[in-house]
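Reviewing the structure listed below.
Proteins get letters first, then strands, A, B, ... in listed order; numbering begins at 1 in each.
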Amino acid sequence: MSAGSDLNIDYVANLARLALTDEQKARYARQLGDILHYVDKLKQVDVAGVEPMAHAAPVFNVWQTDEPRSGLTTGQALRNAPAQRQNMIVVPKVVE
Amino acid sequence: MARDLTYLSATELAALLATRQLSSVELVQSCLARVQAVDTQVKAFNSRDEAAALAAARESDARRAAGQARGPLDGIPVGFKDVIAVEGQPLTCSSKMLANYVSPYDATVTTRLKAAGAIPLGRLNMDEFAMGSSTENSAFGPTANPWDLTRVPGGSSGGSAAAVAAGELPLTLGSDTGGSIRQPAALCGIVGLKPTYGLVSRFGLAAYASSLDQIGPLSRTVDDAAVLLQAIAGHDERDSTSFKADVPDYRAEMAKRSGPWRIGVPKEFFGAGLDPEVGAAVQSAIGHYRKAGCEIREVSLPLAAEQAIAVYYLIATAEASSNLARYDGIRYGHRAAKAKDVVDLYFQSRAEGFGDEVKRRIILGTHVLSSGYYDAYYLRAQKVRTLIRNEFAAVLKDCDALLSPTSPTPAFRIGEKSSDPLAMYLTDIYTISVNLAGLPGISVPCGFTAGGLPIGLQLIGRPFDESGLLAIARHYEQAHDWRNFHPSL
């Protein structure tokens, strides 16, 4: 496990698709450094042979029948779209 | 002069409705008048649809007049944490990202409450996307603690707790990922129940950390929590983590479970960092159970006490970074006005839409899932989580419930911890491990500090044994009169 200094904030912000100001980068790097230092305590625990736990309840694969059913109408689905035209969501140009 | 309904429990109000001494319209009007009188100070509400609530109340009264009342919640107003979908109403998660979002559908809990005749009355403030322990991280500004307006109500369900404590609503729904129902209930002097993971459907709950989130009731009494849980619990095929089990009649089962019980007290939960007044109040509650003939057994939960917060902040932020990737400014939510291309639109929309704590957790979660760090952080945290669950399972084999403080301190001042995230995270030290293990937990009032701030007692139960947990909580509640104390608003 690594200490907080390994946090490359520019790299991570890019992965997260999150624009940060220089002030935020400096502040988060410091605060998250403290937090990553704190979580380093997990190193104290012997986890050899322990299975990771994904869920609290014993729920495994859940299958549903593959049959069509009604969902949101076009109007409902587009109700919160920031920009729309002819029942479609408008986005900036993505191909040249 | 109209009678004062302000601090009656939902069960008491239901009795008045059933005997026609009170109409639902009168009750809703009474709540709205109380909101009018105190919410400029408390700021528990993000929004309310008063016309819809009054219309639903009129329908409830008509049902009752026709002899078709639907049970104990018919005509009772219920507030919703602003993270739970109610069709046609705003769903903001207290975020600028969703400031203009209107829910196109009902959450399963909403559908069930409407079917029970409950009246949705407003959206309650919270920490943005349920990330926080103080309701200060809200795009709408902080909610105040009704007992001391300079202090926080706890969080993230702070608006839900404050609305009940201030007498604005008899019942509210919150969500609890690391203590977000129990901690504000404790800080506001009310009852808060986090059900077993999987008992209540999460369909229509805006996701924060999906393996930990659970919806639950905030109320004035344990009976009321049981009534509200009854209405919302049970399998839902729209939530793949929903548990397939029969839901018992909680109030009937509660009455049968009369004790005496074997109660475990985790010794690590009474160490450094515990406020002495909180410790003394909880010790006095232990004395209550001992006098009632319960066997009090000291137990040890070293990993839950020492490692839970570290495990939680790795798992919760990892899941959050993934869940919150959906807020990209394309299909819904805030969209940046000036972006040079579609990728820039993602970056700018998220930068403008999310608040500080949300950004911090997205960065942490993205980091711990990123290549080269996954094994060291996320996978290791999931393994320690297994050990924490096993630790609880071992002590709950011999104990009917575990007892601890809910929060290490009473309500702190607004702004006191906001510049130090780690200090804020540590306020959930006694509640977080319960989410990691997926267990049910309840906070009930157990006294006040000399300065008049409420103190909460946490009881932790066996998985899906809400009946037993509620019975044990109710035993304490019935022997004390904490619910008769009210804030001076």
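The nearest pair of heavy atoms linking A:M53 to B:Q382 is O-OE1, 2.5 Å. Closest non-hydrogen pair, B:G329 versus A:P82, comes out as O-CG, 3.6 Å. Closest non-hydrogen pair, B:S240 versus A:V62, comes out as O-CG2, 3.2 Å. For A:Q24 against B:D356, the heavy-atom pair with the smallest separation is NE2-OD1, 4.2 Å. Nearest heavy atoms, A:P52 versus B:T386: C-OG1, 3.5 Å. Of all heavy-atom pairs spanning A:A19 and B:A351, the tightest one is O-CB, 3.2 Å.
With contacts defined as side-chain heavy-atom distances shorter than 4.5 Å, the pair B:Y425/A:I35 qualifies. Using a 4.5 Å heavy-atom cutoff, the side chains of A:L36 and B:Y377 are in contact. By the 4.5 Å heavy-atom criterion applied to side chains, B:Q307 and A:Q44 are counted as neighbours. Side chains of A:V39 and B:V311 form no contact here, defined as non-hydrogen atoms less than 4.5 Å apart. In this structure, A:L15 and B:H367 have side chains that are not in contact, with every pair of non-hydrogen atoms separated by 4.5 Å or more. B:D341 is not listed as a side-chain neighbour of A:V94, based on a closest heavy-atom distance of 4.5 Å or more.
Using a 4.5 Å cut-off between heavy atoms, B:N100 contacts chain A through its backbone alone, with no side-chain atom that close. For chain A, the nearby part of B:L426 is the side chain; its heavy atoms alone come within less than 4.5 Å. Heavy atoms of B:L436 lying under 4.5 Å from chain A belong exclusively to its backbone. Residue A:L78 does not touch chain B at all, counting heavy-atom pairs closer than 4.5 Å. Contact annotation for B:E87: only side-chain heavy atoms (C-beta onward) come within less than 4.5 Å of a heavy atom of chain A. In this structure, the portions of B:R331 lying under 4.5 Å from any heavy atom of chain A include both its backbone and its side chain. When heavy atoms are compared at a cutoff of 4.5 Å, B:E306 approaches chain A by way of both its backbone and its side chain. Only the backbone of A:D46 comes within contact range of chain B, judged by heavy atoms closer than 4.5 Å. Within the 4.5 angstrom heavy-atom criterion, only side-chain atoms of B:Y105, from C-beta onward, approach chain A. Looking at B:S419, the atoms closer than 4.5 Å to chain A (heavy atoms on both sides) all sit in the backbone: N, CA, C or O. Only the side chain of B:L345 comes within less than 4.5 Å of a heavy atom of chain A; its backbone N, CA, C and O stay farther away. No part of B:A325 comes within reach of chain A, as not one of its non-hydrogen atoms sits under 4.5 angstrom from that chain. Residue contact with chain A, scored on non-hydrogen atoms closer than 4.5 Å, involves the side chain of B:F354 exclusively. For chain B, the nearby part of A:R79 is the side chain; its heavy atoms alone come within less than 4.5 Å. Heavy atoms of B:A339 lying under 4.5 Å from chain A are absent altogether.
Scanning residues 63-72 of chain A against chain B with a 4.5 Å heavy-atom cutoff picks out A:Q64, A:R69, A:L72, ordered by number. Contact annotation for residues 316-324 of chain B against chain A (heavy-atom separation below 4.5 Å): no residues qualify.
Between the CG atom of B:L364 and the OH atom of A:Y28 there is a distance of 12.0 Å, given to the nearest 0.5 Å. One finds the CZ atom of B:R335 at 8.0 Å from the CD1 atom of A:I89 (value rounded to the nearest 0.5 Å).
In this view, B:R462 and B:L396, B:D400, B:D465 satisfy the side-chain contact (heavy atoms from CB on, under 4.5 Å) rule, not counting sequence neighbours. Residues satisfying the side-chain contact (heavy atoms from CB on, under 4.5 Å) criterion with B:A206, sequence neighbours excluded, are B:V83, B:C93, B:Y327.
Heavy-atom pairs under 4.5 Å with chain B were tallied for A:V45, A:V12, A:L18, A:V47; the largest tally goes to A:L18. With chain B as the partner, the residue from A:I9, A:V91, A:N14 showing the most heavy-atom pairs under 4.5 Å is A:N14. With chain A as the partner, the residue from B:L422, B:D375, B:V102 showing the most heavy-atom pairs under 4.5 Å is B:V102. The choice from B:A310, B:S211, B:G438 that makes the most heavy-atom pairs within less than 4.5 Å of chain A is B:A310. Taking B:K244, B:K340, B:R385 one by one and counting their heavy-atom pairs under 4.5 Å with chain A, the maximum is reached by B:R385. Note: B:I309 leads B:L303, B:I309, B:L212 in heavy-atom pairs under 4.5 Å with chain A. Highest contact tally toward chain B, considering only A:K93, A:R27, A:Q84, is held by A:R27 [criterion: heavy-atom pairs under 4.5 Å].
Residue A:E23 qualifies as enclosed at atom CD: its count of foreign heavy atoms under 6.0 Å is above 12.
The closest donor-acceptor contact from the side chain of B:R350 to the backbone of A:R17 lies under 3.5 Å.
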